[in-house]
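Working notes, beginning with the structure itself.
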Amino acid sequence: DGGITQSPKYLFRKEGQNVTLSCEQNLNHDAMYWYRQDPGQGLRLIYYSQIVNDFQKGDIAEGYSVSREKKESFPLTVTSAQKNPTAFYLCASSNVAYEQYFGPGTRLTVT
Amino acid sequence: QKEVEQDPGPLSVPEGAIVSLNCTYSNSAFQYFMWYRQYSRKGPELLMYTYSSGNKEDGRFTAQVDKSSKYISLFIRDSQPSDSATYLCAMSRNTDKLIFGTGTRLQVFP
């Protein structure tokens with residue numbers, strides 16, 4: 001089965017802790033993306049990567065970090081510097097930006 | 001002003017109705033126009049994409065782009081309760097990143 005997996009589905013952390021969200025794809029897509037979704041705000045781009053070992057900041061990169069060491073994997077770290085980390089995080093992949101395929105998402109709650 | 005505007009709804013219609021979902025945009029450089037469907041607590045699913053102006057049909061779904069008015073629409077014919085979801089429009093200037101609308105929540109009641 002080809003697709004995008006994100007784990008875990010739900011994640012709870014204490015304030016001040018860094019947390020890493022996993023994203024893996026077996027679609028052989030070159031590009032991968034991380035979005036954040038908050039109620040009433042749609043999807044906002046955090047980081048994206050078009051090739052291995054290269055990535056670019058999106059619109060809301062502050063407080064987040066990523067790596068792209070393998071084509072299949074694009075983990076996102078939410079650092080303690082992110083002021084409002086509680087959100088629904090979505091990973092996507094594509095060969096062209098207008099045809100992105102999304103994973104099931106990770107709901108992160110920080111208390 | 002946001003680059004892409006979308007009415008959040010909710011839009012509530014009876015089963016079998018024709019649904020019209022719309023987005024407006026301000027950037028005339030957008031060339032690709034997409035519609036995604038998102039069920040509650042799930043990732044968005046790509047429904048259709050259109051390049052430049054015109055119509056595109058896929059089963060009960062029709063996407064329409066009017067670049068002169070900077071207006072795009074998604075029509076759903078014979079709506080079903082299973083169509084109840086949030087519909088997101090998205091746009092792209094080229095092969096770079098997407099700009100999303102905030103989504104319209106649709107409820108189709110039996």
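Convention: sequence-line order gives letters A, B, ...; per-chain numbering from 1. What's counted below: heavy atoms across the whole structure, side chains too, no hydrogens, waters or symmetry copies.
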> Where do B:Leu21 and B:Ile76 land on the side chain to side chain contact (heavy atoms under 4.5 Å, CB included) test, with the steps shown first?
Replying inline: CA-CA 8 Å; B:Leu21 303 164; B:Ile76 306 175; 4.3 Å; yes
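- For chain A, no part of B:Gln6 is nearby; none of its heavy atoms comes within less than 4.5 Å.
- Of the listed residues (B:Lys2, B:Arg105, B:Gln38), the one with the most heavy-atom contacts under 4.5 Å to chain A is B:Gln38.
- Tested against A:Phe102, the residues A:Tyr35, A:Tyr89, A:Phe88, A:Tyr33 include a single ring-ring contact (aromatic ring centres under 6.0 Å, His included) partner, A:Tyr35.
- At distances below 3.5 Å, not a single donor-acceptor pair connects side-chain atoms of A:Thr109 with backbone N or O atoms of A:Thr86.
- No other option in B:Leu46, B:Ile99, B:Leu98 has as many heavy-atom pairs under 4.5 Å with chain A as B:Leu98.
- Between A:Asn18 and A:Thr79, the closest heavy-atom pair is OD1-CA, 3.3 Å.
- Contact annotation for A:Asn95: neither backbone nor side-chain heavy atoms come within less than 4.5 Å of a heavy atom of chain B.
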> Going through the distances and angles, do A:Asp38 and A:Arg36 end up as a salt bridge (Lys or Arg N to Asp or Glu O under 4.0 Å)?
Replying inline: CA-CA 7 Å; A:Asp38 297 281; A:Arg36 169 182 172 139; 2.7 Å; yes
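- Contact annotation for A:Leu90: only side-chain heavy atoms (C-beta onward) come within less than 4.5 Å of a heavy atom of chain B.
- Per-residue counts of heavy-atom pairs under 4.5 Å with chain B were compared for A:Gln100, A:Arg107, A:Glu99; the largest is that of A:Gln100.
- For B:Pro8, no part lies near chain A; criterion is any non-hydrogen pair under 4.5 Å.
- The minimum heavy-atom distance between A:Tyr47 and A:Ala61, with the atom names listed, is CE1-CB, 3.7 Å.
- B:Arg41 touches chain A through backbone and side chain together, each having a heavy atom under 4.5 Å away.
- Applying the ring-ring contact (aromatic ring centres under 6.0 Å, His included) test between B:Tyr36 and each of B:Phe61, B:Tyr87, B:Phe100, B:Tyr49 identifies B:Phe100 as the sole match.
- Contact of B:Leu88 with chain A is made through the side chain alone, with heavy-atom distances under 4.5 Å.
- Between chain A and the residues B:Gln31, B:Met34, B:Glu45, the most heavy-atom pairs under 4.5 angstrom are made by B:Met34.
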